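In what follows, every heavy atom counts, from backbone to side chain, and hydrogens, waters and symmetry copies are set aside. Remember, predicted model here, so these are calculated numbers, not experimental data.
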Amino acid sequence: MERKMFCFQCEQTAGCTACTGGAGVCGKKADIAGLQDKLTGTLIGLAGAVEGNEGLVTEATDRLVLEGLFTTVTNVNFNNDTISALIQKIWAEKERLVPNCSECLSAGGRNNDYDMNELWDADEDIRSLKSLILFGIRGMAAYVYHADVLGYRDDDINKFFYKALLAVGMKDWGMEELLPIVMEVGEVNLKSMALLDKANTETYGNPAPTEVSLTVKKGPFIVISGHDLYDLKQLLEQTEDKGINIYTHGEMLPAHAYPELKKYAHLKGNFGTAWQNQQKEFADIPAPILFTTNCLMPPKASYADRVFTTEVVSYPELVHIGKDKDFTPVIEKALELGGYPADMHFTGINGGEKVMTGFAHNAVLSVADTVIKGVKSGAIKHFFLVGGCDGAKPGRGYYTEFVKQTPADSVILTLACGKYRFNDLDLGTIGGLPRIMDMGQCNDAYSAIKVAVALAEAFGCGVNDLPLSMVLSWYEQKAVCILLTLLHLGIKNILLGPSLPAFVSPNVLNFLVENYHISSVSTPEEDLKKILQ
């Protein structure tokens, strides 16, 4: 069968191998996939042009790389026009760095645009390692992009993107050259997550435990989805005193815990659950939805006129809010639709009417004495980090059942949108602390790492010696760079699901199993039995 596209970067890829037909499982058409490959090849060419011309690189150059990589993350951009325009910008930047570079293309220089088919058709182990690098830096670029929006930059991190892109384009590199770059992605991503954590906390304050209602009040409202807190802040400022309430969706839920965001009285609560349920949850709501980052699914006709995008998110014929961040069209739509005539009481997946968030590293470590005392007294016998991306593939009910079956003397730390499977459960408390602690977005994985390291220091042991088990779910490329960071830190015995990445070849998988004891989830009963014995 003729291959119309090739994409296997997300967990839902067709047949657990690759999407190769006219469209991907995510809704990305073959022409979009081709343009995203072309964009990636152009970025690799730009990295070649930067080599030897580092003194000419500007903040604008770095930002183009971040935008280009972020644009290719799953469920971000479905728009031929915007991707084509971005490719043109990168070509222009390459021409600035290497004038008349078109004249040297026939010489096979590194600044040539890379043909991604060379990667997709490569030896499976080489393809696997290069995919880990490429998908890892795509996820990492999202973190760095969010920090850059707030004015936080790190030159060493930005330089690494060029190094990694060049590695993907190297034709004669084998496992010996590529594996160290794979591990370096994890190392640099740790710095990237720390940079974003600093940007968010210095801008919006340290998150504090906060109860969030799932009830939508009567009257006009706007639902905001994605991850970008800066966009939420702008929207809150522009809607203040306009009689419009704001509700978070998906990965925006943790925004309620930041002091500089929660101070707005019209930030009322959270609507809906994880990203994969949006086509059902948005079908009939009398309000507009604003997408700020990835997690956009192709909108159905029943609500497409109510969907707005901003930043790198783009979909044909949807109204896009530009760099000026003038949300007037969204505000006018909210007033036009009017919202619900009376309060609407929604619930989480398990029937809960409220959820908690805000247990980031500062909040958890502020009660570290209570936690340590609980462990020493035997009140707390185990910690589980159950988090990561949610998704539509069958089998993700595993995480709900796993959390339900955890012993009453254990604590569940969670983050990212996978928590919607169980974050409305009431599992009680230990020593006055809730058993389920939401640490934030996938962007906030740094909090979980910081808490784990602090606990290891408190008990004078390594992280792998803690009564801590990581049971992770993955969907897209941010999960890839987080996993590589955990491996960089030497963390072992990670349970990963609901299925293993299609882009990891058997030999690379064996390397991960032998060196880090990574394994796939099985059943909650079997996995808990293995962990707790």
Side-chain angles (χ1 to χ4, degrees), residues 31-73 76-77 79-120 122 130 133-138 140-142 144-145 147-149 151-173 177-178 181 184-185 188 192 311-312 314 320 322-324:
D31 56 345
I32 293 291
L35 273 176
Q36 291 189 353
D37 276 356
K38 187 174 182 178
L39 172 58
T40 304
T42 306
L43 288 171
I44 293 171
L46 177 64
V50 164
E51 191 175 38
N53 296 296
E54 289 83 0
L56 299 176
V57 173
T58 66
E59 290 187 10
T61 315
D62 294 338
R63 198 167 291 117
L64 266 179
V65 173
L66 296 179
E67 186 176 351
L69 288 169
F70 198 173
T71 294
T72 59
V73 170
V76 172
N77 194 306
N79 195 325
N80 282 342
D81 293 340
T82 55
I83 298 175
S84 297
L86 185 52
I87 291 170
Q88 293 292 332
K89 288 181 183 178
I90 297 169
W91 279 341
E93 183 64 10
K94 186 165 67 170
E95 181 71 19
R96 185 187 70 81
L97 294 169
V98 187
N100 302 314
C101 66
S102 58
E103 297 178 4
C104 63
L105 292 181
S106 60
R110 283 193 185 180
N111 56 320
N112 290 11
D113 289 352
Y114 180 71
D115 181 357
M116 291 294 287
N117 285 313
E118 293 186 24
L119 173 56
W120 308 141
K130 286 188 174 183
I133 295 170
L134 177 60
F135 302 158
I137 62 173
R138 283 177 175 176
M140 188 167 76
V144 181
Y145 186 97
D148 187 81
V149 165
Y152 288 74
R153 305 180 75 254
D154 184 306
D155 287 339
D156 289 337
I157 293 173
N158 286 321
K159 287 175 183 176
F160 178 72
F161 284 110
Y162 300 106
K163 177 181 179 179
L165 284 165
L166 278 177
V168 175
M170 295 301 289
K171 298 181 180 181
D172 55 349
W173 280 19
E177 293 86 3
L178 292 170
I181 306 294
E184 194 174 357
V185 172
V188 178
S192 302
E311 288 297 338
V312 296
S314 187
H320 186 79
K323 298 291 184 183
D324 61 358

Less than 4.5 Å apart, any side-chain heavy atom of [X] and any of [Y]?
X: M170; Y: I181; result: no
X: L119; Y: Y114; result: yes
X: V188; Y: F161; result: no

Next on the checklist: Test: ring pair (Phe, Tyr, Trp, His ring centres under 6.0 Å). Region: residues 50-71. Which pairs qualify, not counting sequence neighbours?
Outcome noted: F70-Y145, F70-H146

Checklist entry - Which pairs pass ring pair (Phe, Tyr, Trp, His ring centres under 6.0 Å) with one or both residues in residues 36-59, sequence neighbours excluded? => result none

Checklist outcome for this item: Closest non-hydrogen atoms of A49 and K94, given as atom of the first, atom of the second and distance, are CB-CG, 3.5 Å

Next on the checklist: On a heavy-atom basis, which atom in A167 and which in L178 lie closest, and how many Å separate them?
Outcome noted: O-CD2, 3.9 Å

Item to check | Pairing of R63 and E59 as salt bridge, 4.0 angstrom limit | outcome: yes

Item to check | Atom pair CG/CD of L166 and E51 - distance to nearest 0.5 Å | outcome: 5.5 Å

Checklist entry - If you round to the nearest 0.5 Å, how far is CG of D62 from CG of D148? => result 8.0 Å

Next on the checklist: Once salt bridge (Lys or Arg N to Asp or Glu O under 4.0 Å) is applied, what residue pairs with a partner in residues 155-171 remain, sequence neighbours excluded?
Outcome noted: E118-K171, R153-D155, K163-E184

Considering residues at least two apart in sequence or located in another chain, which fulfil the side chain to side chain donor-acceptor pair (under 3.5 Å) criterion with [X]?
X: S84; value: none
X: D154; value: none
X: S192; value: none
X: T71; value: none

Item to check | Residues R96, T58; criterion side chain to side chain contact (heavy atoms under 4.5 Å, CB included); working and verdict | outcome: CA-CA 11 Å; R96 185 187 70 81; T58 66; 3.9 Å; yes

Item to check | Qualifying residues under side chain to side chain contact (heavy atoms under 4.5 Å, CB included), relative to N117, sequence neighbours excluded | outcome: R3, D115, W120, D121

Next on the checklist: Which residues pass the side chain to side chain contact (heavy atoms under 4.5 Å, CB included) test with T42, not counting sequence neighbours?
Outcome noted: K38, I87, I90, W91, D113

Checklist entry - Which one of V65, L66, V73 satisfies the side-chain contact (heavy atoms from CB on, under 4.5 Å) criterion with L69? => result V65

Item to check | Between T61 and E93: side-chain donor-acceptor atoms closer than 3.5 Å | outcome: yes

